[in-house]
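Below: the structure, in structure tokens.
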Amino acid sequence: MRTSPLMLVLPALATAQQQFPFADQINPFVDQVKGWFGQVSASVSSSAPAIPTSISIPDPVASGAAKYADLKVERLTLANHKDVLKPGAATASPGLEEWMIYVTGGNKTCYGRCGRAETAWNESLALMAASRSPPSLAMLDCETDGVLCHAWAVSPPQLIHMMLPQPLLDQSTPATTMRSINLNMTTVTATEIAAVHLQEKYMDVAPYEGFWHPFDGPLAQYGLNIPAGYFIWGFSQIPSWVFMIGVSFLSRNIMSRRMGGQAPAAPAAA
Ligand SMILES: *[C@@H]1O[C@H](CO)[C@@H](O)[C@H](O)[C@H]1NC(C)=O
Ligand SMILES: *[C@@H]1O[C@H](CO)[C@@H](O)[C@H](O)[C@H]1NC(C)=O
Ligand SMILES: *[C@@H]1O[C@H](CO)[C@@H](O)[C@H](O)[C@H]1NC(C)=O
């Protein structure tokens, strides 16, 4: 059975509302959320069983809900990412620390098409703020921090979900679980992003355990992921016309060498 992510978010949001300690402060927002979901439920039940995929949700940012979401979004950079993503940096509570990192880009790195995903992310913050245990949040802009994006092998628009473990008593650090969730830049919605946390939708995605894992991959363990990031980023900065000239130069060289190799053979045969 196929269920809309929106329907899955509803119950979580309902319980979250009851348990949220600052309910009074966010009351206008809660009412607004109830309002939207009322509309959505109505439109869903009237058109059941086919759930429309293009339910129009009022823009929470435009309607002023965003100011109730005072979740802090850290901006990850090459310089600060190690300190920001340190277990225990965001919360003092023991256990796993959940992080959601939104990877965005601009004209060069996302072809200027990350706008919808960015709006969805911004709106999802308001939804996740109502969670009992909101995740720690960060964003990474590949336009300004391309090296880090290449070092982690991520490309916008994408969501990185991480479970940072606390160091053990012997100071060794257990493995970090990382999942990369691709966002469809034409269809992504705020509820879809919020459901990754609220409905633990991240569990649908297999953890990444490859070469480029930012903490436990072989590159990271030998401290080579940032140099590799610089290297690939450097290549991406070379304009394509330089490649074209290089390729034509090489092929001409090879051709002329071949011709040069054949040329002496002709007089000899004659
Ligand atoms: C991105 O491209 C659009 C259209 O080409 C342009 O209007 C905008 O100023 C560009 N943004 C940046 C940050 O360069
Ligand atoms: C998302 O929020 C950030 C931070 O508040 C803001 O700078 C950005 O313009 C917003 N983007 C969109 C598309 O609303
Ligand atoms: C994004 O969604 C659209 C519409 O459902 C689909 O046509 C497109 O293939 C999707 N893109 C990706 C990368 O999955």
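Start at 1 with the first residue, then count along the sequence. Both counts, for ligands and for their atoms, begin at 1 and track the order of listing.
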query: Has Phe215 got more than 12 heavy atoms of other residues, nucleotides or ligands less than 6.0 Å from its CZ?
result: yes
task: Please report the shortest heavy-atom distance between Ser133 and His197, naming the atom on each side.
output: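 Between these two residues, the closest heavy atoms are O-CE1, 3.0 Å.
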statement: min-distance protein heavy atom vs atom 4 (C) of ligand 1 -> Asn107 ND2, 4.7 Å
task: Starting from atom 5 (O) of ligand 3, find the nearest protein heavy-atom neighbour and note its residue, name and distance.
output: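 Among all protein heavy atoms, the one nearest atom 5 (O) of ligand 3 is Thr187 CG2, 3.9 Å.
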message: Would you call the rings of His161 and Tyr202 parallel, tilted or perpendicular, taking 30° and 60° as the class edges?
response: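 The arrangement is parallel - the two ring planes meet at less than 30°.
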- prompt: With respect to atom 8 (C) of ligand 3, which of Leu183, Asn184, Thr186, Val188 exhibits the smallest heavy-atom separation?
  reply: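 When every heavy atom of Leu183, Asn184, Thr186, Val188 is considered, Asn184 comes closest to atom 8 (C) of ligand 3.
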field: Of the listed options Leu125, Val73, Asn122, Thr119, closest to atom 10 (C) of ligand 2 (non-hydrogen atoms)
entry: Asn122
- request: Using distance alone, decide if ligand 2 has a nitrogen or oxygen within less than 3.5 Å of any nitrogen or oxygen in Glu118.
  value: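 Such a contact does occur with ligand 2.
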- prompt: Would you say atom 13 (C) of ligand 1 has a protein heavy atom nearer than 4.0 Å?
  reply: no
message: Protein heavy atoms near atom 1 (C) of ligand 3, is at least one of them under 4.0 angstrom away?
response: yes
- prompt: Any side-chain heavy atom of Trp99 within less than 4.5 Å of one from Leu137?
  reply: no
task: Assess the side chains of Trp121 and Glu123: does a donor N or O sit below 3.5 Å from an acceptor N or O?
output: no
message: Assess whether a salt bridge exists between Glu118 and Arg116, defined as any Lys/Arg side-chain N lying under 4.0 Å from an Asp/Glu carboxylate O.
response: no
